[in-house]
Amino acid sequence: MISKNRIDPECITYSQMNMIFNARVYYRRLAAWTRSYLLSRYFGIGTAEELFGSLFLETLDIGDMMQIFFGREVSAQYGQLLSRFAFTLRDLINAQLEGNTEAIDQNLALLYRLAEERAEFTDRINPYWTGTEYENLFETYIQYVTGIANALAAGNYSSDIELYDLLTAHTDLMGDVFADGVYDYITSGQPAPDQLLYGVQCITLEQMNDIYAIRMIWFDFVTWIRNYMLSRYLGLGNAEEVKARLMQVPVAFVNVMREYFGDLVAEDYLRLFYTYIDLIEAFITAQMEGNTEEIGRITRLLYQNADERAAFAASLYPAFWDERGLRDRLYTNLRSTLDQSTTFLTGDYARNIDIFSRLLDQAESTGNYLTQGLFHYLIFQA
């Protein structure tokens, strides 16, 4: 009989939280690169093969994670299944662009067959993963990805925004299932969560998801700012609609802050984020108009806004969040964001891909830093 030590939703330790977050982040990054690849294929944004290379490399990360727990052979086998998935997705897009309905059907059927094979494989390697559950997860992922592809092909950008939100939410679920199964695997035979040694510092599942909302704001910011730039510079979709979605990003973040630091704090912080988004919009407009004087003025205001956001965040919990450290992170993000805008303006898509990759890495680093702070706050304010 298999003994399960499921992660206790009432007592999640920092290491358990990191395991869950790392699994979620993997799938979130995979979704971001998948959409970027689709945009390159349907709209010629960037070099398609370079973007496919980034997507392909991202698929290998989950295999690397598996190697730690299940060994090199399992990792290699799972990596091969993921590689076939990536290449089949590429073939499916090729067929759609060529109008080859027979090849579309064949590759779509192959995607689902690969999902079934991956599910069977996960079921074999870990008794705490269920093949049926994973097959449902993989199939839903395919439905969202192909739905986005169809929406982009049809120019239905409102549907694309909605589907991408559904996809990112689904990636969180996939990460949770992966992490829960790994936790069961590595704690087999260990004391159940209610038997943990006295003094272990932990938080609830609800608090963990609050922390996750704070962490993921930076991923969402870099993703939706990029989407807004695509809309402005390349006419992809309705710019006002994309900006409206971008304006929603800080709301989830601020709602968490409101819960722990109060309404007034949250509203003041939200205004700083809205100012940042408005300044990004103005910067793009100035670049498109070639107004160098305005570019310089807005750039100064953007750095001033970064100073204000860093000071504000540090004031919330100075015992952990350092104003200088926050400012350095915001400055780094801002430099990369402005560089990304310039590459869209000049059409330097090879460099644009590198910058986006760097922005995702920076988002993960900043999210980790804020995660540590809020976890610390919850533990020592309890």
Using the ring of each side chain (for Trp, its six-membered ring), is [X] parallel, tilted or perpendicular to [Y], with breaks at 30° and 60°?
X: His170; Y: Tyr144; result: perpendicular
X: Phe87; Y: Phe52; result: tilted
X: Phe344; Y: Tyr349; result: perpendicular

Please find the pair of heavy atoms, one from [X] and one from [Y], that lie closest to each other, and give the distance.
X: Thr88; Y: Asn107; result: CG2-O, 3.4 Å
X: Tyr185; Y: Asn126; result: CD1-OD1, 3.5 Å
X: Thr59; Y: Leu82; result: O-CD1, 3.0 Å
X: Gln207; Y: Thr204; result: OE1-N, 2.9 Å
X: Ala266; Y: Val254; result: O-CG1, 3.1 Å
X: Ser36; Y: Leu51; result: O-CD1, 3.7 Å

Let me check something: any side-chain donor-acceptor pairs from residues 294-303 under 3.5 Å, sequence neighbours excluded? List them with distances.
unit_1, atom_1, unit_2, atom_2, d
Glu294, OE1, Arg297, NE, 3.1
Glu294, OE2, Arg297, NH2, 2.8
Thr299, OG1, Ile295, O, 2.7
Arg300, NH1, Gly296, O, 3.4

ring-ring contact (aromatic ring centres under 6.0 Å, His included), that's the test. Do Tyr377 and Phe261 meet it? Break it down for me. CA-CA 11 Å; Tyr377 176 84; Phe261 301 106; 4.9 Å; yes
Kindly write out the residues that satisfy salt bridge (charged side-chain N to carboxylate O under 4.0 Å, His left out) with [X], not counting sequence neighbours, or none if the list is empty.
X: Glu267; answer: Arg258
X: Glu50; answer: none
X: Asp210; answer: none
X: Arg124; answer: none

Test side chain to side chain donor-acceptor pair (under 3.5 Å) applied to [X] - qualifying residues, sequence neighbours left out:
X: Thr285; value: Arg232
X: Asp220; value: Arg28
X: Ser15; value: Thr13

Using the side-chain contact (heavy atoms from CB on, under 4.5 Å) criterion, which residues pair with Asn150? Sequence neighbours excluded. Gln96
Please enumerate all residues that pass side-chain contact (heavy atoms from CB on, under 4.5 Å) together with Glu73, with sequence neighbours excluded.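 In terms of side-chain contact (heavy atoms from CB on, under 4.5 Å), with neighbours along the sequence ignored, Glu73 is linked to Gln77.
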Do you see a donor-acceptor pair shorter than 3.5 Å between the side chains of [X] and [Y]?
X: Thr343; Y: Asp348; result: no
X: Tyr37; Y: Arg41; result: yes
X: Tyr233; Y: Gln287; result: yes
X: Tyr228; Y: Glu281; result: yes

Trp129: which of Phe121, Tyr183, Phe70 passes ring pair (Phe, Tyr, Trp, His ring centres under 6.0 Å): Phe70
Using ring pair (Phe, Tyr, Trp, His ring centres under 6.0 Å) as the criterion, point out the one residue from Phe273, Tyr317, Tyr269 that pairs with Phe312. Tyr269
Lys/Arg cation over aromatic Tyr164: Arg35, 6.0 Å, 45° cone: yes
Looking at Tyr212, does the NZ or CZ of Arg24 lie under 6.0 angstrom from its six-membered ring centre and within 45 degrees of the ring axis? yes
When you look at Leu38 and Phe43, which way does the side chain to side chain contact (heavy atoms under 4.5 Å, CB included) test go after all the steps? CA-CA 8 Å; Leu38 294 175; Phe43 301 100; over 6 Å; no
So do the side chains of [X] and [Y] get within less than 4.5 Å of each other, counting heavy atoms only?
X: Leu30; Y: Thr171; answer: no
X: Ile104; Y: Glu102; answer: no
X: Gln372; Y: Tyr14; answer: yes
X: Phe85; Y: Ile142; answer: yes
X: Tyr276; Y: Thr337; answer: yes
X: Leu330; Y: Asn305; answer: no
X: Asn333; Y: Thr366; answer: no
X: Thr168; Y: Asp172; answer: no

Is it the case that the side chain of [X] and the backbone of [Y] share a donor-acceptor pair, with hydrogens and angles ignored and the cut-off at 3.5 Å?
X: Ser357; Y: Ile353; value: no
X: Ser336; Y: Thr332; value: yes
X: Thr122; Y: Ala119; value: yes

[X] with [Y]: basic N within carboxylate O range, under 4.0 Å:
X: Glu364; Y: Arg29; value: yes
X: Asp278; Y: Lys243; value: yes
X: Arg309; Y: Glu323; value: no

Give the C-alpha distance, both sets of side-chain angles, the deciding distance and a yes or no for salt bridge (Lys or Arg N to Asp or Glu O under 4.0 Å) between Glu117 and Arg84. CA-CA 11 Å; Glu117 289 180 21; Arg84 290 173 62 197; 3.2 Å; yes
Answer yes if the ring centres of Trp33 and Phe356 are under 6.0 angstrom apart, and no otherwise. yes
Under the criterion side-chain hydrogen bond (donor to acceptor under 3.5 Å, both in side chains), I'd like the reasoning laid out for Tyr128 against Asp180: C-alpha separation, chi angles, the key distance, then a yes or no. CA-CA 8 Å; Tyr128 304 101; Asp180 213 35; over 6 Å; no
Who are the ring pair (Phe, Tyr, Trp, His ring centres under 6.0 Å) partners of Tyr260, not counting sequence neighbours?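 Tyr260: no ring pair (Phe, Tyr, Trp, His ring centres under 6.0 Å) contacts found.
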Between Gln362 and Arg329, does a side-chain hydrogen bond (donor to acceptor under 3.5 Å, both in side chains) hold up when you go through it step by step? CA-CA 8 Å; Gln362 292 166 5; Arg329 291 172 185 276; over 6 Å; no
Anything under 3.5 Å between a donor and an acceptor, one on a side chain of residues 244-252, the other on a protein residue two or more places apart or in another chain? List them.
unit_1, atom_1, unit_2, atom_2, d
Arg245, NE, Asp165, OD1, 3.1
Arg245, NE, Asp165, OD2, 2.8
Arg245, NH2, Asp165, OD1, 2.8

Stepwise side chain to side chain contact (heavy atoms under 4.5 Å, CB included) test for Val182 and Met19: CA-CA 9 Å; Val182 168; Met19 181 169 64; 3.8 Å; yes
